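Worksheet: the structure to be examined is printed underneath.
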Amino acid sequence: MTLLGSEPETPFVVELGQFSGPLDLLLSLIRDERVDIYDIPIARIADQFLARIRTMGLDQAADYLEMAARLLRIKAQMLLPRHDTDDAWEDPRAELVRRLLEYQQMREVVDVLERYAEDRRSRFARQYFPPSNVETPPAPLALSLAELLSAVDRVLRVVRDPAMHDVIPRALDVDGAIATIRGVLELRERARWRDVVRQGAERWEILSSLLALLELARRGELKLAQPSPFANVWIRRESPGQAA
Amino acid sequence: MSPLAKLLEAALFSSARPVPVEELAALDPEASPAAVRAALDELREAYDVNGHGIELTELGEGFQILTRPEYTEAIERAQLAVRPHRLSAASLETLAIIAYRQPIGRAEIEEIRGVNVGGVLKSLHERGLIDVVGRAEGLGRPLLYGTTPLFLEQFALRHLEELPRADELAVALRAEPRAV
Amino acid sequence: MSPLAKLLEAALFSSARPVPVEELAALDPEASPAAVRAALDELREAYDVNGHGIELTELGEGFQILTRPEYTEAIERAQLAVRPHRLSAASLETLAIIAYRQPIGRAEIEEIRGVNVGGVLKSLHERGLIDVVGRAEGLGRPLLYGTTPLFLEQFALRHLEELPRADELAVALRAEPRAV
């Protein structure tokens, strides 16, 4: 797989930019088809969704594929026979409708934000600040005992008494650990073991994180380094360019 | 203009960011907050009545002097200043969710937007529009995000309450954020 | 003020550097350099006659609007006075550990906090809140830190024993952090 778009892939990028996600594409289909959002003809919309992501090359984007799978699942559920007397029947589309409405509302907020941002963008603040000749005393320090004590509390929450520690056997959660590590590496290029495993982590959490690190290293998402035996392990994000 | 209005004008001129009223009041130990407010009104009026290219605006938890919008294009054409880039749709959507639901974790934002938001969060964080405001309880203790004062400033808002309330929007949203 | 004077005001206000007359003339294709000079005079007079805290100045490289010198000092002092320096959460936590566990070396603090504290130690030292109080035995003889008299002064304490919950906290902090 090439990461840098060769020529045939260029239109894909352009088309993808039209929609900010699968819900956006779905809403645009619902609008185009003029169907009721509370009573979506799911078979028709699912087929169109699939057709659109195929023609637009969106089938490379995992988020769109996930939505396609969801639509097909709902379509299948709608085909299951049901009795009119079945009060417990829950519309398989309910969750999708809820998400679409929520997404629509957020888009409404986006419109408002855009207006505000445009207003601010059209005014300039002062830019020129000549160097100052005035000798100013250093800023006074604001320090209260309350602040110090709450800092102490924060430290203590991390350094718990080992005697309070109960080991409960738990299954490993490698996926959870992978999510955590990815989260940390999104904000920082380099992290340490301590950044991805909370202080006082339980054994299963430590093992989960270790397995997650090895797995992510195998996938080329990060690099692990230990400069010397027993030294801190450094976790470094691999940029996509290097990974390719 | 009154001496206090002149002092406030000079102070607002020397700040790149909006200045809160308390900071303006600190300029003159004898001036009450009410006197500062009156002097700010005087300054606003001086700009409005005498016809100036700049105006006094209240935003981002303080006061700031900004140029009037009608001159923006000419200034940009003469290359004396440039407007900042517009935010992408992905950034705006993510900001909208964070503004309304803060503190909020990444998983919940992705739930609403239906896409991975890792890269967007990173760039909003780098731009100083959002910050990590805490960590959720529970597995992995996910980071929680909130908007910053700079967000208010760049959207010309005085405070978050200036955004339409959830029940004022055309489409109703579920009331309570889901437990993380 | 004339439209051109307003435009010049907005342009000078938003430019990051002093602007020469030729560049100002580029703002309005219809305006001659003479017209620009006349509008600059108009702007200067508006600031001088109406009594403003700012003035139009010709610097070496061009024109700029500057705050009048008599306000500079008040502004700079006020900005510092109302913005007392607050310690960051990281600094406070490090300071707390040192206060309750001194003398303590950097490695030990990092062991407890789980992060690098080099920069924090440096800034606490520059602020005079901590000092080097000795060296540990053993490999590399690492520096040991303790709090200073200024630290006590900040909290109006006579000696360290007056710190609240000293015994409780000293014991808890002395417990070895869990090996990971």
Side-chain angles (χ1 to χ4, degrees), chain A residues 17-26 37 61-64 66-67 98-130 132 173 176-188 196 198 205 208-209, chain B residues 12-17 54-55 57 59 64-69 71-73 75 81 83-84 86-90 92-93 95-97 99-100 106-107 111-116 118-119 121-122 125 132 135 139-143 153-157 162-164 166 169-174:
Chain A
Q18 279 183 8
F19 296 102
S20 51
L23 288 165
D24 191 18
L25 172 55
L26 205 51
I37 198 166
D63 299 323
Y64 288 84
E66 196 204 336
M67 177 58 73
R98 184 195 62 74
R99 287 188 63 188
L100 283 169
L101 290 175
E102 188 172 54
Y103 185 77
Q104 251 186 336
Q105 186 186 46
M106 184 270 298
R107 290 294 292 264
E108 225 181 306
V109 175
V110 165
D111 290 343
V112 175
L113 283 181
E114 248 172 344
R115 276 205 306 279
Y116 280 113
E118 209 40 47
D119 174 48
R120 179 61 188 82
R121 274 183 79 240
S122 66
R123 296 146 191 274
F124 294 117
R126 189 156 189 248
Q127 298 282 336
Y128 179 68
F129 298 101
S132 155
D173 177 38
I178 283 181
T180 306
I181 293 164
R182 281 190 179 141
V184 169
L185 287 183
E186 238 131 49
L187 291 173
R188 306 169 45 175
V196 298
R198 63 181 180 89
E205 291 178 276
S208 303
S209 300
Chain B
L12 290 168
F13 246 76
S14 19
S15 171
R17 306 275 310 266
I54 53 179
E55 62 186 340
T57 322
L59 81 168
Q64 191 171 19
I65 299 172
L66 296 174
T67 60
R68 293 189 197 268
Y71 304 110
T72 304
E73 225 169 282
I75 293 170
R83 265 181 281 196
R86 275 200 189 84
L87 287 178
S88 68
L92 281 169
E93 288 186 7
L95 267 178
I97 294 168
Y100 274 78
R106 172 172 163 181
E111 229 293 291
I112 298 173
R113 286 204 47 220
V115 293
N116 182 303
L121 284 180
K122 185 162 170 274
H125 189 253
V132 174
R135 298 196 138 210
L139 197 69
R141 310 212 50 219
L143 301 174
E153 214 178 301
Q154 295 204 353
F155 287 83
L157 294 165
E162 266 190 290
L163 290 173
L169 296 169
V171 186
L173 183 69
R174 68 174 178 230

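All values reported here derive from a predicted model rather than from experimental measurement.
Residues B:P164 and A:V112 approach most closely at CD-CG1, 3.7 Å, considering heavy atoms. Of all the heavy atoms in B:V115 and A:P22, the pair that sits closest is CG1-CD, 3.4 Å. When all heavy atoms are compared, the tightest approach of B:E93 to A:V110 is CA-CG2, 3.6 Å. In this structure, A:Y116 and B:F155 approach most closely via the heavy-atom pair CB-O, 3.0 Å.
Heavy atoms of A:A117 lying under 4.5 Å from chain B belong to its backbone as well as its side chain. Contacts of B:E153 with chain A are made by backbone atoms alone, with heavy-atom separations under 4.5 Å and no side-chain atom involved. Only the backbone of B:I65 comes within less than 4.5 Å of a heavy atom of chain A; no side-chain atom from C-beta onward does. Using a 4.5 Å cut-off between heavy atoms, B:L59 touches chain A through its side chain atoms alone. Proximity to chain B (any heavy atom under 4.5 Å) is restricted, for A:R107, to the side chain, taken from C-beta onward. A:M67 does not touch chain B: none of its heavy atoms, backbone or side chain, sits under 4.5 Å away. In this structure, the portion of B:I75 lying under 4.5 Å from any heavy atom of chain A is its side chain and not its backbone.
Residues forming a side chain to side chain contact (heavy atoms under 4.5 Å, CB included) with A:V109 (at least two apart in sequence, or on another chain): A:L113, B:A96, B:Y100, B:L169. Evaluation of the ring-ring contact (aromatic ring centres under 6.0 Å, His included) rule for B:Y71 yields no partner, not counting sequence neighbours.
We find the CG-CD distance between B:L87 and A:E114 to be 9.0 Å, quoted to the nearest 0.5 Å. Put simply, CZ on A:R120 and CD on B:Q64 are 5.5 Å apart, with the number rounded to the nearest 0.5 Å. Of the inter-residue distances, the one linking B:I97 atom CD1 with A:Y103 atom OH reads 8.5 Å to the nearest 0.5 angstrom.
Checked by atom type and distance alone, the side chain of A:R121 never pairs as donor or acceptor with a backbone atom of B:R83 at under 3.5 Å. Proximity of a side-chain donor or acceptor of B:T72 to a complementary backbone N or O of A:S122 within less than 3.5 Å is detected. A donor-acceptor contact shorter than 3.5 Å links the side chain of B:R113 to the backbone of A:S20. A:R99 places a side-chain N or O within 3.5 Å of a backbone atom of B:E111 that can act as its donor or acceptor partner.
By the 4.0 Å N-to-carboxylate-O rule, A:E118 lies close enough to B:R86 to be salt-bridged with it.
Most heavy-atom pairs under 4.5 Å with chain A: of the set B:S88, B:P84, B:A99, this distinction falls to B:P84.
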